[in-house]
Amino acid sequence: MSAPRAEEQPSRSRERQPLVARGPRGPRRWRRTAAAAVLLVQMLERAAFFGVTSNLVLYLNSLNFNWDGQQASRATLLFLGASYLLAPVGGWLADVYLGRFLTISLSLLLYLAASGLLLTTITNDGRRSFCGEMPELPLEPACPSSSCQGSWSSPYCATTLYLVLLLLALAASSVRSTLTSFGADQVMDLGRDATRRFFNWFYWSINLGAILSLLVVAFIEQNISFLWGYSIIVGLVGLAFFIFLFATPVFITKPPTGSQVSSMLKLAFQNCCPCRRPSSRDSESAHLLPDQRSNQPGPSPQEDMANFQVLVKILPVMVTLVPYWMVYFQMQSTYVLQGLHLHIPNIFRTNPNISLLLRSDSSNYRIPEAWLLLANVAVILILVPVKDHLIDPLLLRCKLLPSSLQKMALGMFFGFTSIIVAGVLEKERLQYIAANQTVPQLIGKDLYYAAPLSIWWQIPQYLLIGISEIFASIPGLEFAYSEAPRSMQGAIMGIFFCLSGVGSLLGSGLVALLSFPGGWMYCPKDFGNINNCQMDRYFFLLAGIEAVTAVLFLWIAGRYERTRQDPASQSSSSRVRG
């Protein structure tokens, strides 16, 4: 019985060979050229993405829109969450209909169009065309209590801006979910070591794009003009699109191979609704031998069930990381809002006898608040190679190298300490505000009343969140990739990105909930100033949520490790991954 199976297996593999890849597989230099093109596209795309997110709060706080601080923070969190939450959409389109190459091309085209629309909202004519005239603030008596609301709470141009940000999020998420695996396809035939090295360079290209964006684009947006800053973003996306199309002849492309999403949903429905009886077709196919199923397209019912069981074990681990992502995305929202209300030093000396409002633009260049994100990027660029070349080999020789789950728990701890440090700093800042000790500072064209605390006090919280990323995000990706069945690696990676987006959206929802009258984030007639809010309590609440879920994570991770060590579980999982 075994001999015919040995003969049939090659025939089936030969039938699938034409569907594997198209493109030049010749010299190694072509493969490296293709990989370099992917890395360059990724760097330019990330530079454009961080160019939008780094100063989005400041842009919405500006006189062009006059959004409240909590409204701007919520919009930023929604944008960040959507850019991760929509990741499975691009992966599904690439797997089922378009293939990775066409999905990336269309996503970059959508990226270019959406960034162009965002650029038009900066000009007066563009805002009038899409949003109409900004409503005037009515003259009203002072609010007698903290429970009353203003007469108009809907932010100006909200519909247009949210639509543009949604299109940007869809484009960015599609690029994120497909470009990584597309780049690995280019070097896969060079061996496992080439694939590992590609992922290392891929991660570095992301951070190099962030440095380019924060050093150049963020400075221009804050100190010169958002028009110039967003024009650079459009140029970065256009250049990435051109490079990707120009490198088409050297790319290896794969056709769409199908998706198991429908099978997983069907099995989930059957498990949630035991009253539904399996059909005769399902029962017949479940008892077929592998040889008898060779003509059936897609995985067998046994493989679907095994994959579903693996998914059920992996999902709780990834779900308990959601509160960590709630904390992580504060780095680009409430941390930025907090920094705008700390004293930001000027890059150039100014004459203290000159009135603040009479200083020229050239004498009022301030260090961009978004530059503090460089602390996060720098710690990653420094510690990742140190950890890879020194710390991990040493721990491996001493047999003390922690597992991916243990690293993720350590990352959650560093995220917890970051939000605690931010809460303590905010509590100290509010004490200065309560004592009426404020410093007026002009950032761009907007006036903020800041506490006399230096913005450099924010560096510890940015460093801690960067260290947490090394221990939570990178091992989380490693866990999702290594523990997933081979036929579901793309889907589970998409779920991982999706759940990180859920964390950002939950953070946005929490800000919205606390922004109701009487809430900690309720600042009537705020327009960017958070001096009447109690954001320190919001930070401490996030810390408490993460602490509780960290305990739950340790329990779930312990159960998962014990299940993996079970011999029966190891044999079944190896068959699924094999």
Requested in this report: Compute whether any side-chain donor of one residue and acceptor of the other, for Gln330 and Thr334, lie under 3.5 angstrom apart.
Outcome: yes

Query raised in the report: Do Gln461 and Tyr335 get their side chains close enough for a donor-acceptor pair, meaning under 3.5 Å?
Result: no

Report summary line: Heavy-atom nearest pair, Ser107 first then Ala171, reads O-CB, 3.4 Å

Query raised in the report: What are the two closest heavy atoms between Gly503 and Trp325, and how far apart are they?
Result: CA-CB, 4.0 Å

Would you say the side-chain atoms of [X] pair up with the backbone N or O of [Y], donor to acceptor, closer than 3.5 Å?
X      : Y      : result
Ser213 : Gly51  : yes
Gln186 : Phe182 : yes
Thr253 : Phe101 : no
Ser418 : Phe414 : no
Ser473 : Ile470 : no
Glu546 : Val327 : no
Arg176 : Ser83  : yes

Query raised in the report: How many angstroms lie between OG in Ser174 and CG in Leu106, if you round to the nearest 0.5 Å?
Result: 9.5 Å

Query raised in the report: Once you round to the nearest 0.5 Å, how far does CG of Leu236 lie from CZ of Phe50?
Result: 13.0 Å

Query raised in the report: Does the separation of the ring centres of Phe244 and Phe251 fall below 6.0 angstrom?
Result: yes

**Report entry** Aromatic plane relationship, Tyr230 with Tyr59 - under 30° parallel, 30 to 60° tilted, over 60° perpendicular
**Finding:** perpendicular

